Amino acid sequence: MNSAVQPQAGVGPAKRPESIFTIGTRLEDRLGRTGTVHTPHGDIATPSFVVVGTKATVKAVLPESVKELGTQSVLANAYHLYLQPGADIVDAAGGLGKFMNWDGPTFTDSGGFQVMSLGVGFRKVLAMESVGVQSDDVIADGKERLATVDDDGVTFKSHLDGSRHRFTPEVSMQIQHQLGADIMFAFDELTTLLNTRGYQERSVQRTQEWAIRCIAEHEKLTAERADKPYQALFGVVQGAQYEDLRRQACRGLESIEGENGYGFDGYGIGGALEKQNLGTIVRWCNEELPEHKPRHMLGISEPDDFFVAIENGADTFDCVNPSRVARNAAIYVRSGRFNINTSRFRRDFTPIDDECDCYTCANYTRAYIHHLFKAKEMLASTLCTIHNERFTVKLVDDIRASIEGGYFHDFKAETLGRFYGPDKP
């Protein structure tokens, strides 16, 4: 489980590089490729899954264990760290990596997803389908609206204590510069598939205008914090399920340049995506986005989604799902997903997956982990999170190897046939 990360001791200030991405092997007849994302804290071999450590921690797992499971990088959440403990505290600690004892590459999101998803009661999941009545005022059933958007930014109430706050593109950049991640994202407006076409049009334009402001503030803060390593900034593509809006958003973001003549260092493909059209939407975007810059998929982690996004040009991914479902006893193995807290595992003294090389599978049985869940022991979450994150990281690593080895399509057919086939664990 050797990581591709090569941490650099005593990382010092860095100027903006001409490019943070090198293309490796191309997937024949597809947009997919391997590559390397270069950061001040080491390289990331792509395609790659970025493990989510929302509040500067991967829930239930030590940073040392996260490194052992093979991840190359970790993503933290600007919204949550702004509310607690405060971006200024993370900055005073030496930045996100030092604060959480992680010496590899780091990402932070802009806070836009959380401001809007929590603000309309959807929490961490937006449905990947567009079935339902469209509305400009989408809100989850039985929830109070906590966030209000205008052309300047978003006013929202904290989900912790109800206090009022204001995020603008400039504020998001200020927070993320203080957090100090190697890669950060521009502040965008998250929409759902239930918003009307008219609202999606206005939102794409608003996100474009916010992106211009993010570039300007990023340049200003980079100059003011010249003693710090350079932080790459990714623009975020919105446009929901509409081809013309997705392509318009991509072209708009690519056209932005700051006073220094630079644009975005890479791009994130965001928003709620129709699962059945995921590959098509990703292809629309990556046919427009510059080939020499990395593309990140926000919030994707199911096996079929990885394959379809990678073959259509996505390079990196993040998602809370592997750790979130682990805490509810859901386990991923090569032959599918199952709940380990059901009675049939009570006397099962085999590993979760005898093909897995993670710490959990090397040392513990299904029966023991079943017992931990029934006894409501915290160790259950730790052991299952280690396994699920390892499964996810390794799957994407194996996809990368299949592109480099020239057997991607065979590997895709074998892997998905087994995972979604009739022989369930």
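Worth saying up front: this structure is predicted, and the values here are computed from it rather than measured.
Within a 6.0 Å sphere centred on CD of E259, other residues, nucleotides and ligands contribute 12 heavy atoms or fewer. Other residues, nucleotides and ligands contribute more than 12 heavy atoms inside 6.0 Å of the CD atom of E257. Crowding of E18 atom CD: a count of heavy atoms from other residues, nucleotides or ligands under 6.0 Å not exceeding 12.
Taking a cutoff of 4.0 Å between a charged side-chain nitrogen and a carboxylate oxygen, R26 and E291 qualify as a salt bridge. Salt-bridge check for R400 with D315: failed, with every basic side-chain N at 4.0 Å or more from each acidic carboxylate O. Salt-bridge annotation for K98 and D103: absent, with no side-chain N of the basic residue lying under 4.0 Å from a carboxylate O of the acidic one. Electrostatic pairing of R283 and E311 does not count as a salt bridge here, judged by no charged N lying under 4.0 Å from a carboxylate O. Comment: D152 does not engage R206 in a salt bridge, judged by the lack of any side-chain N to carboxylate O separation of less than 4.0 angstrom. Between E217 and R213 there is no salt bridge, since none of the side-chain N atoms of the basic residue sits less than 4.0 Å from a carboxylate O of the acidic one. Between D357 and R390 there is a salt bridge, with a side-chain nitrogen of the basic residue lying less than 4.0 Å from a carboxylate oxygen of the acidic one. For E254 and K293, the salt-bridge test fails: no basic side-chain N is under 4.0 Å from an acidic carboxylate O. Using a 4.0 Å cut-off between charged side-chain N and carboxylate O, E201 and R197 make a salt bridge. At a threshold of 4.0 Å, the pair D150-R166 counts as salt-bridged, since one of the basic side-chain nitrogens sits closer than that to a carboxylate oxygen. A salt bridge links R418 to E355: one of the charged nitrogens lies within less than 4.0 Å of a carboxylate oxygen.
Each of R246, R295, R247, R251 was compared with E287 under the salt bridge (charged side-chain N to carboxylate O under 4.0 Å, His left out) criterion, and only R247 meets it.
D109 places no side-chain N or O within donor-acceptor distance of the main-chain N or O of L75, the cut-off being under 3.5 Å.
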Checklist line | Full working for side chain to side chain donor-acceptor pair (under 3.5 Å) between H296 and D318 | finding: CA-CA 8 Å; H296 181 85; D318 77 86; 2.6 Å; yes
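Closest of all the heavy-atom pairs between P40 and D182 is CD-OD1, 3.3 Å.
Annotation: F49 is not in aromatic contact with F317 [ring centroid separation under 6.0 Å not met]. Taking the centre of each ring, Y82 and F167 come in below the 6.0 Å mark.
Separating the OH atom in Y242 from the CD atom in Q200 is a distance of 6.0 Å, to the nearest 0.5 Å. From Y79, atom OH reaches atom OG of S172 across 13.5 Å, with rounding to the nearest 0.5 Å. Going from atom CD1 of I399 over to atom CD of E404 covers 12.5 Å, rounded to the nearest 0.5 Å. Here the straight-line distance linking atom OH of Y262 with atom CD1 of I215 works out to 12.0 Å at 0.5 Å rounding. Interatomic distance, N312 CG to N286 CG, rounded to the nearest 0.5 Å: 7.5 Å.
Ring planes of F411 and F307: tilted class, angle from 30 to 60°. Using a 30° and 60° split on the angle between ring planes, F187 and W210 fall in the parallel class, below 30°. Relative orientation of the H218 and H177 rings is tilted, given thresholds of 30° and 60° on the angle between their planes.
Take F264 and apply the ring-ring contact (aromatic ring centres under 6.0 Å, His included) test, not counting sequence neighbours, and it matches no residue.
Looking only at side-chain heavy atoms (C-beta outward), V236 and Q238 come within less than 4.5 Å of each other.
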